[in-house]
Amino acid sequence: MLSLNMKTLPRKFYSRNTIDVAISLLGCHFISRVDGRKLGGMIVETEVYRGQDDPACHAFGGRTPRNAIMYGDPGFLYVYFTYGNHFMLNVVTERHGFPAAVLLRALEPIYDIEEMARRRNTPDILNISSGPGKLARALGITTKHYGVDLTKPQIYIEGPSAQHHHILASPRIGVGDRGAEKLWRFFIADNPHVSKGSRLNREQCYELSAARKMSFTAENFK
DNA sequence: CTCTGGATTAGCT
DNA sequence: GCTAATCCAGAGC
């Protein structure tokens, strides 16, 4: 299952269209060594937040102190705090000056599962990192790690995935009507670690080929 | 300064 | 399925 030849993803990996990055990240390994332990797992669910025209993106409406990292170089960590409890992990994408990022929504635990389970206070492996707030907690990542360089050895992603995954797309979760027409959530079909927070019926999920076609319309890239 | 709502989760009905 | 928890960023004054 683990592929050989996994290497830390270079900055160039992140310096592409955010949709390509979000899809390419599925199957890669996200690793955190923030407390001297190697924690992490396989990325199984991602979402795209792209540009000042995307009403669900934190950069909608322009630059602020919080979203500043999204305007910088790709390959850095954007962490923010929400709902009074949860940290969200994003990786900055695209070129300097264009605000965009991929939200990591779920991991399949691989490294030091016992420690991650402890941090999450659950014995259930399916509950360790099957949601964006859950995985940040399991990995020990907080806003202290805002701006960490993902090409350095503290927090990084290894790839590429050698597996052939069946990937599906759907609308993003938790954004309400803001950009609801965009199919910018991507996940590995049938992986039990994909988040269950918002159960989507089959009609709301699309094969990757169809979703990509819709995502790359002029409407989304004007 | 004050107010509003959130890229969620856990726990209960 | 429903909602309280919990606190900060951003907007408005």
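Quick note on labels: first sequence line is chain A, next is B, and so on, each numbered from 1. Owing to the predicted nature of the structure, the values given are computational and were not obtained by experimental measurement.
Note on residues 124-145 of chain A: no pairs pass salt bridge (Lys or Arg N to Asp or Glu O under 4.0 Å), not counting sequence neighbours.
The hydrophobic cluster containing A/Y14 does not contain A/M70, counting ILVMFWY residues as joined when their side-chain heavy atoms lie under 4.5 angstrom apart, directly or transitively. A continuous path of ILVMFWY side-chain contacts below 4.5 Å connects A/I155 to A/Y111, so both sit in one hydrophobic cluster.
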Intra- and interstrand pairs of DNA chain C - dot-bracket, Watson-Crick/G-U under 3.5 Å, | marks other strand: |||||.||||||.
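Looking at residues two or more places apart in sequence or on another chain, you find no side chain to side chain donor-acceptor pair (under 3.5 Å) involving A/H145. Under the salt bridge (charged side-chain N to carboxylate O under 4.0 Å, His left out) criterion, A/R37 pairs with A/D112, A/E115, sequence neighbours left out. Qualifying salt bridge (charged side-chain N to carboxylate O under 4.0 Å, His left out) partners for A/E47, counting only residues two or more places apart in sequence or in other chains: A/R105. Residues meeting the side chain to side chain donor-acceptor pair (under 3.5 Å) test with A/K152, sequence neighbours left out: A/D149. Remark: A/E207 engages A/H166 in a side chain to side chain donor-acceptor pair (under 3.5 Å) (not counting sequence neighbours).
OP1 or OP2 of B/dA7 sits under 4.0 Å from a side-chain N or O of A/R178. Proximity of A/R120 to the phosphate of B/dA10: a side-chain N or O atom is located under 4.0 Å from OP1 or OP2.
Between the side chains of A/S170 and A/Q204, not a single donor N or O lies within less than 3.5 Å of an accepting N or O. Defined by atom type and a distance below 3.5 Å, a donor-acceptor pair is missing between the side-chain atoms of A/E94 and A/Y71.
To the nearest 0.5 Å, atom CG of residue A/N17 and atom CZ of residue A/F98 are 8.0 Å apart. Rounding to the nearest 0.5 Å gives a distance of 6.5 Å between CG of A/L104 and CG of A/L135.
Within 4.0 Å (heavy atoms only), A/R63 reaches no atom of the nucleic acid at all.
For the segment residues 64-77 of chain A, no residue has any heavy atom less than 4.0 angstrom from an atom of DNA chain B. Using a 4.0 Å cut-off on heavy atoms, the residues of residues 133-141 of chain A that approach DNA chain B are A/G133, A/K134, listed by number. Applying a 4.0 Å cut-off to non-hydrogen atoms, the residues of residues 79-88 of chain A that approach DNA chain C are A/F81, A/Y83, A/G84, A/N85, listed by residue number.
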All N/O donor-acceptor pairs, side-chain side in residues 77-90 of chain A, below 3.5 Å, sequence neighbours left out:
residue: A/Y78; atom: OH; partner: A/H58; partner atom: ND1; Å: 2.6
residue: A/N85; atom: ND2; partner: A/Y83; partner atom: O; Å: 3.2
residue: A/N90; atom: ND2; partner: A/Y78; partner atom: O; Å: 3.2

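Reading DNA chain C from its 5' end, the first and the last nucleotide to sit under 4.0 Å from a heavy atom of chain A are C/dA5 to C/dG10.
Note that A/R11 lies outside the cation-pi zone of A/F13, set by a 6.0 Å cut-off to the ring centre and a 45° limit from the axis.
In this structure, A/L126 atom CG and B/dT9 atom P are separated by 15 Å, rounded to whole Å. Between the P atom of B/dG6 and the CG atom of A/L103 lies a distance of 16 Å, rounded to the nearest Å. The distance between atom CG of A/D124 and atom P of B/dA10, rounded to the nearest whole Å, is 11 Å.
Spacing of C1' atoms, C/dT3 relative to B/dG5, comes out at 15 Å, to the nearest Å.
In this structure, A/E158 does not pair ionically with A/K7, as no charged nitrogen and carboxylate oxygen lie closer than 4.0 Å.
Side-chain contact between A/D54 and A/V48 is absent, with no heavy atoms from C-beta onward closer than 4.5 Å.
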